[in-house]
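To start, the structure itself, in structure tokens.
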Amino acid sequence: MGHPNRGTPDDLQVINVDLSVIKADLPAFASEWSKCFIQIYVDGSPNPVRTKPTKRAGQHEWGERFSLPARSETILRFELKRKTLLRQQSLAFAEAPISDLLVHRQQSGGPDQDLSILLRPHLEKENEKGDHWRLLLRLHEIGIIREVLEQRHGESVESSMAEIVVKLEAFMTVGDALAELNPYAKVAWKTVSAFYTIIKGQVDRYARLEDLGSLMRDSYAFVENIKSFPEKLPTLEGTIRTLLSQTVECTMFLRECSGHGFGERVLFSAWTDRQINGFMQSFASLKQSLETGTSIQAALVCFRLDENVNKLLNTQALLKLGPADMDDAARTECLPNTRMDILAEIFAWISIPTTKDNVYWLHGFPGAGKSTIATSVANIFRDLRRLGAFAFFTRGVAARNDPALLIRTLAYQLGEFDHRIGSAIAKVIEDVPSIKQAPLRWQFQKLLVEPFANLKDCLREGPILIVIEALDECGQSAAREELLRVLASASPRLPPTIRIFITSRAERDIRSAFSNQSHIFVREIDIKSPTNEKDVQTYIHHRLVDIRLQNEWLDLPSDWPGKARTEALALRASGLFIWASTACRYIEKGQDPEERLSQLEHASLYGDAEAALDGIYITALESAGRWDDVAFATDFREIMGLIIVAEDPLTAHTIDLLNADVESRRRRPCLHTIRHLGTVLQWGENQPICVMHPSFADFITERRRCGSDAWFIDRPAQHLRIARLCMTRLRKVLKKNMCGLKPFTSGWKVQLPEDVVYPARYWVDHLCNSKTHAEEVLAEEIYSLLHSHFLHWIEVMTMMRKARQTIGLVLRLKEWVDTHYGDHGALREFTKDAVRFCQAYTHVYEQHPLLVYQSALPFTPTATTVFQTFKDDPEIPVVAGGFRERWSPILTEFGRPGGNVASISCSSDGQYIASTNFRNIFIWDSESGELVTKPMQAGKSDFTVIAFSPNNQHVASGSTDGRVKLWDALSGEQVGGALEQHSGPVYALAFSNDANMFVSASKDQTIVVWNANDSSMVHAPLTGHQKAILTLAFSPVGSHFASGSRDRSIRIWDAAIGGAALSNIVHPWGTVTSLAYTPDGNRIISGSDDRTIRVWDAHQGILLYNPVFKGHKSDIFSISISPNGTLLASASKDTSVRLWDISTGTELSHLIRQHRLPVRCVTFSHDGKRIVTGSNDAMVRVWDVESVGSMGTPRLHKGLVTHIAFSADGTRVVSGGLDKTVRVWCAESGRALMDPLRLGREVSTVAFDDDEHGERGGVRILATDKGGTVFAWNMATREPLTASASDHPTLHAREGKLILEGKWIVDKTTNEALSLLPNMSPAKARASHGNKIAIGLANGSIVILHFPLES
């Protein structure tokens, strides 16, 4: 109803308001500012008024009075500006309706009261400093404005909400005419009624909000007409849906304005007025449409998007997350008027603020309807523009059952949903490029928690919904363990506006993770409840009506099948929607629906839900074919095995191609069989084929349930069969450059057929999931595939953009081969080499598929199986003499220049390495060597030691100023304040095995035991050592720890009691520099500056071994014991890292590792297969424990290669280096042709003078040293010759066509890239001749690469 006695804003009188600008309170850094003034805009007027500029720096006072024209809805904008030499600088601003200022002044009482309003700095960085910017105002005259405000307070928001609740209740009683609208009406009713119950008498009497409430109420006048004429509903469906959605959105806005929302109360401002204007325009339009009966396409006004924010979204950056594809338009919703009770509960939980329960877990029996509920909720909140992300898992789709993809997929969808969230996440991707490889808890923190923490506006904009559906189909329980832990523990760190709705079966691991969590609301679908049974009956009735209409020629009665038969069928469903759905499909697929219905209704009632489900599947299969026909039964098992066990759904064409490649018997097209199975399979002629519901896969893969051998699908046996099908298919289709790619063109893109993609991606997975009895023929099949097609397989994986997955796949294959075929030497050797090949060269071939041939293979060690197998390809480049003979033990190396690596520590899961170069702590990805978080900075004092906590959450650091700090390993931020107890530099840190305690030791001769949870001291400092303490080691068993000191002693302490556990152990031979416990806690191993290693009994403190471990030539700085307790690694000042057999004390001299400078620290990886070292050369290196090859290319010069040149005929290469030598090489074999020619200074340039028959008497070698002196030698005799300025090598230089552009070798005549150098020592010199290029490296090596001659 209208209210003619109430004026609109246009009816208000214009008056003058007296306003004084008193002063501005600004942060401390503004104390130097002068010439500041306030500029006042009235409703955006182009003619603002302003104060005079201030004269003195730091005194921001004006006391000036203004008379302003105003209305009750006038908006004032105050701009703080500063005059500079060339321009006016805008510093801060504030916006507020004049009526809002008056209301606040009136509440303060009395005339001429001062009002303080918040200024917003234009520069966000100024806002981050936490200082307040405020402007002090004084209002004088109020006159007519007060009268208008009081006149408008006739009706409240509260009364409008009450009337809307009544209207919505009335609408739902007639809404059955259009049941699809009921969920929207339910959401609106829940939202409005919940708001009404909490605002009684609590909403400020703000006129514009009252106008909005009244207009929203008046929009529901149509309900009375609809009661009388329900037939009008369908024509107005779209308009009513928008009205209901708009009501929800507007109520959320009103709730935020009232102070009862998700965040702090929204203050009235220009932003608030813009939202009100938008809502009023929308409701006015909807009201008019409903009054006239004309349908309109009205856009939903959503208050959660700020139009002033930059709307550019870095979609390309978000795509780097590699999200899973969640596009499935075929997902079904709840049938109208079903599930209304549980949907209403979920809607209320999402929409109504609460201090807890930001996660809702809905679980239930398979087939209880969880998926349709999730889809309905997601779709409704998508319409409300509040669905931030919807991720659903599917057991048979690899891209949708990987726990590692969930958080990245949620982040991607949230980034697309809101450009502000997207920008924040894109910044994370830019700062942490390796975020894809980060642990899930890091991903959750970096991609979700931190971006939302920086978006304060989200707290005032209502809920954002995240839906995670079918969590139980997300990998096996072991694979999703970390994901469940993160969802359960980290979700409370999200803002309360983020609501996470999860559905799953009540699997044990999920129940364990989610139960008893205060922030998780747990709800089970009660399939036996009357409401659920009624919904199942409604569903069956609806489907049978459809079936009757589909069979018009059968002349079924109009009320078929009747209420009694529908109830009988629903009774057999045992409350399961999947039973009802399968039964209705069974009836639908039959020739005679009546016959099949009769068959089902005469079946026995089942005792429980599982029996009911098994019964309907048995019925469906029995009717599908002739099971006594051997051909049909065989075809069924072969086809169904592929469908059930496949990692991704396959099309019929691919199933036929895979089956066609084995055995000689005649094959029938799979669709010939599948067409009988429409009750349980979802299929189309060109569509992927999958089961209708995962419960059918459960049924048919469990012999107890399916009963018949003709139906039973043995998963392990099928995995083996499919693995063989995949290998056979790959042997048939793989070949070099199978897609005809042009070499190294950027932006290459290919579309591979499914019958190539699937076998290439999953043959290893199927093999490793199979059961095998170590058949020799299977080993030969695997070896045959690798021997012929290993590189072709890598090419295909790269074309699929899955090059990095080759590492994990061949590693898994190697472990499987080692387990099952330990005596097959050739296969084991190949898989071992394949692992190292992928680890070494993935970074190369992932840039282009053909680089596996042109770059990776030529640089593969010559003695390896992979190189020997594929080296004879005439089209690949050749490294003269081979790049190296065996694999380097270095897996990767990384570092930052500018300091020694003083300390390293590995995360317990092996994924991360922490290192410090005194000034910073770096967290590295152990595989890629990329930084995963911003460096942690030391400040005024240097870091001396660091340690990862066993739970990987923190990194502890010690500094030269005696401070100990804890850092969040996720964010790189310091946790709490510095721990100040030591009076000298901290030299050692160690965590207890349970991560609850850590100890620090110092030059001040004290040890402090800290509580790792609250950073408190557990005991008074421990004393006893007489000199600086250099090392600590915690026992892996119990609370004991050991300390070693310059006082030549080892002490054993009990951290629990805060005292000594044993008497002092004397080490008279030298300073104890390092200690380590064996994994069983029974022995302590010490390293010393006397170059020896000793083993001690940890319980008695006596020396165990004699002789001691000897081999190092200088001080031992660090030791580490392998997790299995068999090996010891020691790092020394002598630049070496040595490995020892602990049981015998024998050095494994063939495994020695080397840095260029002293090695400060060493540690084993969590699996014992790698060691990590840090050196004074600023490098962190990760080594393979078992490799015995050289560490790089042969060091031909003993220092950097400064210059290199070819002879005129291209058969020889001359090089010079910082080692003051000139050397000559055979370009074909890479061998040295003569002994080094020595100069007194570093070599600068070299060349050949090839005038063999000229007046100079043969080929000469030319060179200059760093001082510019020219030298010459006779090539044949090596005798020195007299040289002049005309013999300068640069005058004899020849420029070939091959050049280096970065790491790319390019033919400059065609601008075609020929190859890419792998990771190696940096190239410092190069020369080329014809099809050859010679490259001199920083480590002194020479690489001569031959490319095939053009035919």
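Hydrogens, waters and symmetry mates are skipped; everything else that's a heavy atom, side chains included, is used. No experiment lies behind these values; they were computed from the predicted model shown. Sequence positions, counted from 1, serve as the residue numbers for this chain.
Relative ring orientation between W887 and F837 is described as perpendicular, the plane-to-plane angle rising above 60° on a 0-90° scale split at 30° and 60°. Taking the six-membered ring where tryptophan is involved, the planes of Y758 and H766 are tilted, since the angle between them lies from 30° to 60°. The aromatic rings of F830 and Y783 sit perpendicular, their planes meeting at an angle over 60°, well past the 30° parallel limit. Between F744 and H848, the two ring planes are perpendicular [angle over 60°; tilted spans 30° to 60°].
A salt bridge links R729 and D755; the closest N-O separation between the charged side-chain nitrogens and carboxylate oxygens is under 4.0 Å.
When the shell of 6.0 Å around NZ of K735 is examined, it contains 12 or fewer heavy atoms from other residues, nucleotides or ligands. Within a 6.0 Å sphere centred on NZ of K320, other residues, nucleotides and ligands contribute 12 heavy atoms or fewer. The number of heavy-atom neighbours closer than 6.0 Å to CD of Q868, taken from other residues, nucleotides and ligands shown, is above 12.
A donor-acceptor pair is defined here as one N or O able to donate and one able to accept, closer than 3.5 Å; such a pair exists between the side chain of T409 and the backbone of A324. Of the possible donor and acceptor atoms, none in the side chain of H789 sits under 3.5 Å from a partner among the backbone N and O of L785. Within the 3.5 Å criterion, the main-chain N or O of M797 finds no donor-acceptor partner in the side chain of R761. The closest donor-acceptor contact from the side chain of Q847 to the backbone of H843 lies under 3.5 Å. Looking at D1307, its side chain never comes within 3.5 Å of a backbone N or O of N1311 through a donor-acceptor pair.
For E754 and T651, the side-chain atoms include at least one donor-acceptor pair closer than 3.5 Å. A donor-acceptor pair shorter than 3.5 Å can be found between the side chains of S1187 and R836.
In this structure, R331 satisfies the cation-pi test against F392, with its NZ or CZ atom closer than 6.0 Å to the six-membered ring centre and inside 45 degrees of the ring normal.
Not less than 6.0 angstrom separates the ring centroid of Y841 from the ring centroid of Y845.
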